[in-house]
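Here is the structure we will look at, set down as structure tokens.
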Amino acid sequence: MEIQLDQSTTPFDLEHTLRCGQLFQWEKRGDWWYGVVGEMVVKIRQINDRLVFQTFPEEVDADFIKNYFRLDDNLPLILSKIDKDGHVRRAIQRFRGLRISRQEPWECLISYICATYKNIPAIKNMILNLSKRFGEKINFNSHYFYTFPKPSDLAHAGLEEIKECKLGFRAERVLEASKIVDRGEFNLEGLRKTDYEKAKRELLSLPGVGQKVADCVLLFSLDKLEAFPVDIWMKRIILGFYQNYFGASFVERVLGKSSITPGEYETISSFGRRYFGEYAGYAQEYLFPLSRSQGKLVALDSCNR
DNA sequence: GTTTGACCTGGGCAA
DNA sequence: ATTCCCAGGTCAAAG
């Protein structure tokens, strides 16, 4: 199947979107991206304004892909709203077409509990290990893929089994969170129609979920586009570009250490929401890849001086 | 309300 | 190569 895009009204860049670091279950082979979404393997590539895809074992329509990549977001409008200064503007020009994906909340929750204090290659491995062990195997194009485990699959697993997936101290948090969800004591989907503040409070009650994980789950899977996750990279970017909005002592203190306190997190995150507005999460999404691209590290350094 | 360490251990790269 | 360092933070205990 394929989707015809109109880059002026519906800008989309598959490459930027799949490389931005939000998703952990995609890899590129040749010209095609392969990913696991729900119960299916998705094979997809973009050729200019055409998005060509195939899914297996089930066939889905274009709406499925449009929903997953949030093609329903009015990106030109969103970008115009977060376009507050030269820093974001450059990020927007550079990564135009980058979109937040609409992940499944359960998978997103567990993924970001795992993401705590690990780098992306390690996170991808953890997710793959969990999926190999507790998910369903799919053979497609002579490759094996594994779906993400269901809540009951993890809830009934042994702690040791989960640890063997290289989760370390996250294993206990994943197991406990899984039990709570599996018992029906936490309605993840229900948070979609709960407002940001309340949904965040509820998420924070889950083991392994602090402010950062909660904001990621809200932004990436529950349609809370005002959520502004602050990790170590976002901290550096915000305090580099926007240091004038914070006290000099605050900037020096927070940049000087590797972790931040809950109070410092809230200061930076609420600045993001206030400064960028209702689509702050998109601003975060566009600023984030700057931290991983060479040219900009120089710019960040110069800002820190 | 804040601050401070401990925390599993896999990758990545020479800090 | 091998060792060393740090990682998309969270939690609990202490001041």
Side-chain angles (χ1 to χ4, degrees), chain A residues 18-27 98 100-101 103 107-130 132-133 158-178 180 200-221 227-240 247 249-250 252-270 272 281 283-294 296-298 300-301 304:
Chain A
L18 291 178
R19 288 189 195 282
C20 76
Q22 178 191 343
L23 304 166
F24 303 111
Q25 288 171 293
W26 287 87
E27 61 177 299
L98 167 62
I100 291 170
S101 300
Q103 284 183 273
E107 171 213 310
C108 186
L109 171 70
I110 299 301
S111 298
Y112 280 90
I113 290 177
C114 289
T116 296
Y117 209 46
K118 275 292 180 191
N119 54 30
I120 290 177
I123 300 164
K124 285 185 170 176
N125 249 322
M126 290 188 269
I127 305 298
L128 181 61
N129 292 336
L130 283 174
K132 274 185 179 172
R133 185 130 189 185
L159 181 60
E160 287 309 314
E161 286 184 287
I162 297 180
K163 276 191 175 165
E164 284 168 18
C165 295
K166 320 286 189 192
L167 293 204
F169 63 79
R170 300 158 198 80
E172 204 164 344
R173 299 171 179 177
V174 165
L175 178 58
E176 293 310 311
S178 299
I180 293 170
K200 184 166 181 179
R201 274 199 303 280
E202 294 200 23
L203 279 170
L204 287 173
S205 72
L206 290 171
V209 179
Q211 300 175 93
K212 197 279 184 169
V213 173
D215 275 328
C216 285
V217 174
L218 290 167
L219 177 61
F220 297 147
S221 73
F228 197 85
V230 179
D231 56 39
I232 186 169
W233 295 105
M234 198 43 50
K235 177 194 82 174
R236 290 169 186 158
I237 290 174
I238 296 298
L239 295 186
S249 62
F250 179 86
E252 189 180 0
R253 173 163 48 90
V254 177
L255 277 180
K257 53 185 187 178
S258 57
S259 63
I260 58 175
T261 68
E264 291 159 355
Y265 182 102
E266 183 55 24
T267 299
I268 297 173
S269 184
S270 65
Q284 189 268 1
E285 192 74 354
Y286 272 79
L287 289 172
F288 182 74
L290 293 179
S291 66
R292 309 213 295 160
S293 56
Q294 217 170 349
K296 277 295 168 95
L297 287 176
V298 179
L300 281 175
D301 278 347
N304 292 347

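Naming: A, B, ... by sequence-line order, numbering from 1 per chain.
Remark: side-chain polar atoms of A:R19 are not paired, donor with acceptor, to backbone N or O of A:P289 under 3.5 angstrom.
Of the candidates B:dT3, B:dG10, C:dA7, B:dG10 carries the atom nearest the A:K166 side chain, counting heavy atoms from C-beta on. Closest to the side chain of A:N125, out of C:dT10, C:dA7, B:dG10, is B:dG10. Closest to the A:K118 side chain, of the nucleotides B:dC8, B:dG11, B:dT9, is B:dT9.
With pairs defined as Watson-Crick or G-U wobble and both atom distances under 3.5 Å, the stems of at least three pairs that touch DNA chain C come out as B:2-7 with C:9-14, B:9-12 with C:4-7.
Looking at heavy-atom distances under 4.0 Å, A:I123 makes contact with a base. Residue contacts shown for A:G208 are limited to sugar-phosphate atoms, with no base heavy atom under 4.0 Å away. Heavy atoms of A:P207 sit under 4.0 angstrom from primed sugar atoms or phosphate atoms, though from no base atom. Heavy atoms of A:G168 sit under 4.0 angstrom from at least one base atom. Within the 4.0 angstrom heavy-atom criterion, no nucleotide atom of any strand lies near A:F220. At a threshold of 4.0 angstrom between heavy atoms, the contacts of A:L206 are confined to the sugar-phosphate backbone, with no base atom among them.
Heavy-atom distances to DNA chain C give each of A:Q284 and A:V209 a nearest nucleotide, and the one nearer the 5′ end belongs to A:Q284.
Below the 3.5 angstrom threshold, one finds no donor paired with an acceptor across the side chain of A:R173 and the base of C:dC11. At a cut-off of 3.5 angstrom, counting only N and O atoms as typed in the model, there is no donor on one side facing an acceptor on the other between the side-chain of A:K212 and the base of C:dT10.
We find that CD of A:E160 is positioned 12 Å from C1' of B:dC8, with the value rounded to whole Å.
In this structure, A:E264 does not pair ionically with A:K235, as no charged nitrogen and carboxylate oxygen lie closer than 4.0 Å.
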